[in-house]
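To start, the structure itself, in structure tokens.
For this chain, numbers begin at 1 and follow the sequence in order. Everything numeric here is computed off the predicted structure, so don't read it as measured data. Values below: every heavy atom of this structure, side chains too, minus hydrogens, waters and symmetry copies.
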Amino acid sequence: MAKSTFSLLFLILLFSVSGQMFAMANIQETWCIAKPSSDDATLLANINYACSQVDCSVLHQGCPCFSPDNLINHASIAMNLYYRAKGCQQLNCDFRGSGLTVITNPSYGNCLYH
């Protein structure tokens, strides 16, 4: 193999590996929550849709994520459950523009966002 061909292959391999390492170093965990500006009808629609697709039992009374018992809280939890189940892809947190991906874990008390 010619020296220039070997050098070129080495550089391609180096950039490929470096790019993968860079991408792996920049992977950041995200969560999906409801935008605070969302209206009640949108939040309720998001809860209904997400919970028709995933198990939202953590929102039932007496469960860890029931309180505070309000639409923004319940929508955020339901939307995040859906987002997680669908692979944490940005598209799965859109909810017609009412979803927001965040990098700060919104877990509280015994209610853990997974």
Side-chain angles (χ1 to χ4, degrees):
M1 183 180 298
K3 185 174 181 180
S4 62
T5 304
F6 178 76
S7 297
L8 180 60
L9 289 174
F10 177 76
L11 287 175
I12 291 170
L13 179 62
L14 178 65
F15 285 122
S16 174
V17 171
S18 296
Q20 288 175 355
M21 285 183 192
F22 180 74
M24 288 176 13
N26 286 316
I27 292 174
Q28 194 163 34
E29 191 167 8
T30 57
W31 294 265
C32 179
I33 61 170
K35 285 184 180 175
S37 59
S38 300
D39 61 65
D40 287 354
T42 299
L43 295 173
L44 187 57
N46 291 350
I47 292 167
N48 289 335
Y49 176 74
C51 293
S52 75
Q53 304 293 309
V54 297
D55 178 14
C56 291
S57 59
V58 296
L59 294 174
H60 296 162
Q61 189 168 6
C63 292
C65 298
F66 177 76
S67 294
D69 181 14
N70 58 53
L71 285 175
I72 189 87
N73 179 60
H74 286 195
S76 292
I77 293 162
M79 291 163 68
N80 188 67
L81 289 167
Y82 177 85
Y83 175 70
R84 291 277 176 210
K86 299 297 180 177
C88 299
Q89 295 179 9
Q90 181 65 37
L91 173 67
N92 296 315
C93 185
D94 184 59
F95 290 90
R96 295 186 177 154
S98 64
L100 180 66
T101 50
V102 295
I103 59 171
T104 302
N105 187 335
S107 296
Y108 59 92
N110 290 328
C111 181
L112 303 178
Y113 279 64
H114 297 282

(message) According to side chain to side chain donor-acceptor pair (under 3.5 Å), does anything in residues 32-41 pair up with another residue at least two apart or in another chain? List the pairs.
(response) Asp39-Thr42

(message) Ser67: which residues meet the side-chain hydrogen bond (donor to acceptor under 3.5 Å, both in side chains) condition with it, sequence neighbours left out?
(response) none

(request) Taking all non-hydrogen atoms of both residues into account, name the closest pair between Asp69 and His74 and its distance. (result) OD1-CE1, 3.4 Å

(message) If I compare all heavy atoms of Ile72 with all of Pro36, which pair ends up nearest, and what's the gap?
(response) CD1-CA, 3.9 Å

(message) If hydrophobic clusters are built from ILVMFWY residues whose side chains come within less than 4.5 Å, do Tyr113 and Val54 share one?
(response) yes

(request) Measure the spacing between OG1 of Thr101 and CD1 of Ile33 and express it to the nearest 0.5 Å. (result) 9.0 Å

(request) Could you pull out all residues at least two apart from Asn70 that satisfy side-chain hydrogen bond (donor to acceptor under 3.5 Å, both in side chains)? (result) none

(message) If I compare all heavy atoms of Cys63 with all of Val58, which pair ends up nearest, and what's the gap?
(response) CB-O, 3.3 Å

(message) Per the salt bridge (charged side-chain N to carboxylate O under 4.0 Å, His left out) rule, what does the pair list look like for residues 74-84, sequence neighbours excluded?
(response) Glu29-Arg84

(request) Can you sort out the partners of Leu91 under side-chain contact (heavy atoms from CB on, under 4.5 Å), two or more places apart, ordered by chain and number? (result) none

(request) Applying side-chain contact (heavy atoms from CB on, under 4.5 Å), name anything that partners Cys32, two or more places apart in sequence or on another chain. (result) Met79, Asn80, Tyr83, Cys93, Phe95

(request) With sequence neighbours left out, write down each residue that passes side-chain hydrogen bond (donor to acceptor under 3.5 Å, both in side chains) with Asn73, or none if nothing qualifies. (result) Tyr108

(request) Give every residue pair that meets the salt bridge (charged side-chain N to carboxylate O under 4.0 Å, His left out) criterion with at least one member in residues 90-114, sequence neighbours excluded. (result) none

Side chains of residues 44-52: which donor-acceptor partners sit under 3.5 Å, not counting sequence neighbours?
| residue | atom | partner | partner atom | Å |
| --- | --- | --- | --- | --- |
| Asn46 | ND2 | Ser98 | OG | 2.8 |
| Asn48 | ND2 | Leu44 | O | 3.3 |
| Tyr49 | OH | Tyr82 | OH | 3.3 |
| Ser52 | OG | Tyr49 | O | 2.7 |

(request) Any chance you could measure Trp31, atom CH2, to Thr104, atom OG1, to the nearest 0.5 Å? (result) 7.5 Å

(request) Could you note down all residue pairs passing side chain to side chain donor-acceptor pair (under 3.5 Å) where residues 54-65 supplies at least one of them, sequence neighbours left out? (result) Asp55-Ser57

(request) Please list, chain by chain and in numerical order, all residues satisfying side-chain contact (heavy atoms from CB on, under 4.5 Å) with Asn110, sequence neighbours excluded. (result) Pro64

(message) Gln53: which residues meet the side-chain hydrogen bond (donor to acceptor under 3.5 Å, both in side chains) condition with it, sequence neighbours left out?
(response) none

